[in-house]
2 protein chains.
Amino acid sequence: MSTPDFVAALTEELGGRCRVIADGDLLASYRQDMATVVPGGLPAAVVQPRTTADVAAALRLASSYGVAVVPRGAGTSLAGGASAVDGCLVLSTEALTTIRTLDPLDRVAVVEAGVVNADLDRAAAAHGLMYAPDPSSWEISTIGGNVATNAGGLRCVKYGVTRQSVLGLEVVLADGRIIETGTRTTKNVAGYDLTGLLVGSEGTLGVITAATVKLHRRPLTPPATVVAAFASLEEAGAAVASIVASGPDVSLLELLDGVTLRAIDDWKRMGLAGIEAMLVVQVDGRFPDDADLVASLCAAAGAVDEPAVSTDPAESDQLLAIRRLAYPAAERMGQCLVEDVGVPVSRLPEMIRRIDRAAATHGVTVLTVAHAGDGNLHPTFIFDHAGDTATGIPPEVAAAADDVFAAALDLDGTITGEHGVGVLKAHWLERQVGPDAMALQRAVKAAFDPSGILNPGKMLP
Amino acid sequence: MSTPDFVAALTEELGGRCRVIADGDLLASYRQDMATVVPGGLPAAVVQPRTTADVAAALRLASSYGVAVVPRGAGTSLAGGASAVDGCLVLSTEALTTIRTLDPLDRVAVVEAGVVNADLDRAAAAHGLMYAPDPSSWEISTIGGNVATNAGGLRCVKYGVTRQSVLGLEVVLADGRIIETGTRTTKNVAGYDLTGLLVGSEGTLGVITAATVKLHRRPLTPPATVVAAFASLEEAGAAVASIVASGPDVSLLELLDGVTLRAIDDWKRMGLAGIEAMLVVQVDGRFPDDADLVASLCAAAGAVDEPAVSTDPAESDQLLAIRRLAYPAAERMGQCLVEDVGVPVSRLPEMIRRIDRAAATHGVTVLTVAHAGDGNLHPTFIFDHAGDTATGIPPEVAAAADDVFAAALDLDGTITGEHGVGVLKAHWLERQVGPDAMALQRAVKAAFDPSGILNPGKMLP
């Protein structure tokens, strides 16, 4: 049973009702996701199922032909989680775009995998609700991809990561069987938590076709914003600690490090000389005074000048602008590897020092922004030449990144807070979880996907 | 390799440093947990390990002798989750009582399995923090048992169930290997979520020896309390819906049904004639005015008289007293089977009607209280004679309970919101999850415990 036979069978069975792509530039465009350092393989075909039954049919065929299946949402993975392998079937959820139900009374929605995060949030907004998880890709990334990677985001410091918003899933298993997990209730302890196991499983256990998600009440007023600048990282770290310890529940708490600020200042001339760290904080509750409380905590921790505070939406937006400049400022400098480590909040300054040391040791420029309230850091490694390794990462960047991962583990942290393991960190997973837990991870994979056709090479090396 | 040989080997290896009980009344007292309808089997031995290494040694021995192991915390399960089987080893965590670390800065504690929930909460209180999950058994039940059952509680309407407070686990596998899952960070997506899989696994996948838990800030002021009485269940349901939709974040939202209120009134003569439902609500935030908002929402939904409101701790306690009378009032009436179903919040009144109908159909008295904000109901079935079934439940009670479970599933709910499956609902699990997900549940069990020695007969029939 050859690959051409598989493509012919797929086209015959699904070509009449779904888009099947089997050649040309379009096929090649499915090689990579947004982890552009990962070259990816050339798929044999791409299918865009329109229903769960179509997904099941595609998986039954792939199973019977032994063809690898790479599930793909919007392809915004920064870890290569959706990068293709040669001869695989890319199963794209882009045509699964129905919001099946949106129940404002119970604040629950049942959403197909291909629904864009922002579209769900807008549909919820019509009822005074919101879908809380907001990865930076929220205007383009999909619920299926968000669930498969347990995506984080900016406001998860208050509302939790994707896992906390998922009550249940519809999933197609490797052999085409369809299961439903979870319930529409907030409490449910009937059996092992398969929902939780599938969230963050990066398409390696099953293909998520729909999710039952919790919606939150939308804040009645726009968030208030605070921006505070610090002459030292330690003072900024102290401000973060005191906000977390005694401040209000903030809905956004971002830190920009000195390297990032200098990159922005070189570009935009914002007069940031001498600033080694900046905090951007939002509060979205009913009590705008909370922003003043945050500002006073920043001042007490040693902020340079008076922190800027605004409850006006336009002004707030201007204050947030500097945070939005961080990635564009990095992209101006060269190719980027955006990394994603996490540490306990109290170790943030120490982690940034370790990142700086790794950068210096290996002669690499690294800009760091952090979802500081969650201890989740995104060191962005800059480089200007292709790597000679399989991942496409230059060796000095890989070495610096390895130092950063080791430091995160050393500080009781994690090699990935919200981007996932994907291809890029598959070789690091065992160092974090240990050999016995790694064996369990493999046993779980085998329980769900005994022939190993689902997203091979991702997460488990 | 006989059971006596096993007991001798266990005593030889662990008897010098751990308590081993191998005969007498004390041994027999480990037959049952608080699901007293379940007769339980006679264990061959009970061991009380003092360290994780002791637990590992006990499991290595049990594995090599093929002896079943029943992990046991405080034995407060209401589903028979800790009931013994004949010839098993009961592995009691009662001597694992160390709080290993309590880090107020990162609001994280590492706690051994046998630490009592209330003791952890008191230790946290010394730092202005709290351990949020508060099952009704919190003064006696242990963190290990709470984690193994994913225990709920009253304030989880605001703070989430146990799962939401667990960051990582130390677990001994069936063959004695020790693994650690999770991290000390709030965000972590490195590999499959084994932490989440083990939470609520009822001792069937591994023995939890320690947990890394999140602590919350302790509210600075005592909670404010509101009590509202209603002449109809539907009005109370409407009040719950409007509190959930537009009220403040309540920290407790309990409903007592008419049968319960009449049982309390028959006993305490509180003048509750004509009251068909009562809500007891608490708000623990910084804003005591929130209690007035709750009261006005209850009044708008049709509360009888003005709802009672208090911010005074002693008065609040008096208002809460009626909720605390619910179980004692049931216990006065006969033997009790305390059940545990969940439905979406909007279906609460309908679910209580279905419970009443099941009670009438089978001639059984059923009193219902509900953690209404979570849609989690505890119908308590009263009976005065032993059952002739294996579970000890009289047939008419079993039939009524079956009707209640069927109704919960019919209303998009669950057969267990927080008590677990245990022995009592093992035969119902497949009806909720379906045959394909059930096969996956079994495959997960086999991946962790291939010889099936861990808590046999629990959860998976």
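Proteins come first, then strands; the chains are lettered A, B, ... in the order of their sequence lines, and each starts at number 1.
- Atom CG of B/Asp436 is separated from atom CD1 of A/Ile179 by 7.5 Å, given to the nearest 0.5 angstrom.
- Contact annotation for B/Val345: both backbone and side-chain heavy atoms come within less than 4.5 Å of a heavy atom of chain A.
- Using a 4.5 Å cut-off between heavy atoms, B/Leu460 touches chain A through its side chain atoms alone.
- Residue with the most contacts toward chain A among B/Val421, B/Leu205, B/Val433: B/Leu205 (heavy-atom pairs, distance under 4.5 Å).
- Interface check for chain A: of the options B/Thr204, B/Val199, B/Ile415, the most heavy-atom pairs under 4.5 Å are formed by B/Thr204.
- When heavy atoms are compared at a cutoff of 4.5 Å, B/Lys445 approaches chain A by way of both its backbone and its side chain.
- Separating the CG atom in B/Asp412 from the CG atom in A/Asp103 is a distance of 9.5 Å, to the nearest 0.5 Å.
- For the set A/Gly191, A/Ala447, A/Gly375, the count of heavy-atom pairs under 4.5 angstrom toward chain B peaks at A/Gly191.
- Ranking A/Thr183, A/Thr186, A/Val343, A/Val244 against chain B, the residue ahead of the rest is A/Val244, based on heavy-atom pairs under 4.5 Å.
- Only the side chain of B/Asp106 comes within less than 4.5 Å of a heavy atom of chain A; its backbone N, CA, C and O stay farther away.
- Nearest heavy-atom pair across B/His419 and A/Val189 is N-CG2, 4.1 Å.
- The candidate with the highest count of non-hydrogen atom pairs below 4.5 Å against chain A, out of B/Ala437, B/Gly168, B/Ala245, B/Ser201, is B/Ala245.
- For B/Thr149, the part lying under 4.5 angstrom from a heavy atom of chain A is the backbone only.
- Between B/Leu440 and A/Leu194, the shortest heavy-atom distance links the atoms CB-CD1, 4.1 Å.
- Proximity to chain A involves both the backbone and the side chain of B/Thr416, based on heavy atoms less than 4.5 angstrom apart.
- Contact of B/Arg184 with chain A is made through backbone and side chain together, with heavy-atom distances under 4.5 Å.
- With no hydrogens or angles considered, no side-chain donor-acceptor pair links B/Glu418 and A/Asn188 at under 3.5 Å.
- Contacts between B/Asn376 and chain A at a heavy-atom distance below 4.5 Å involve the side chain alone, from C-beta outward.
- Smallest separation of non-hydrogen atoms from A/Thr414 and B/Ala190: OG1-CB, 3.9 Å.
- Looking at B/Ile178, only its backbone comes within 4.5 Å of chain A, counting heavy atoms on both sides.
- When each of B/Pro104, B/Gly417, B/Ala443 is scored by its heavy-atom pairs under 4.5 Å with chain A, the top score falls to B/Gly417.
- Looking at A/Arg107, only its side chain comes within 4.5 Å of chain B, counting heavy atoms on both sides.
- Neither the backbone nor the side chain of A/Leu220 comes within contact range of chain B; no heavy atom of the residue lies under 4.5 Å from a heavy atom of that chain.
- Here the closest heavy-atom approach between residue A/Gln441 and residue B/Tyr192 is recorded as OE1-N, 2.8 Å.
- No side-chain donor-acceptor contact under 3.5 Å links A/Arg163 to the backbone of B/Asp193.
- Across every non-hydrogen atom of A/Ala439 and B/Arg177, the tightest pair is CB-NH1, 4.5 Å.
- For chain A, the option among B/Gly182, B/Ser246, B/Gly196, B/Ala426 with the highest count of heavy-atom pairs below 4.5 Å is B/Ser246.
- Looking only at heavy-atom pairs under 4.5 Å with chain A, the residue among B/Val108, B/Leu105, B/Leu429, B/Leu167 that has the most is B/Leu429.
- Each of A/Val161, A/Asp340, A/Asn150, A/Val157 was checked for a side chain to side chain contact (heavy atoms under 4.5 Å, CB included) with B/Lys187, and the lone residue meeting it is A/Val161.
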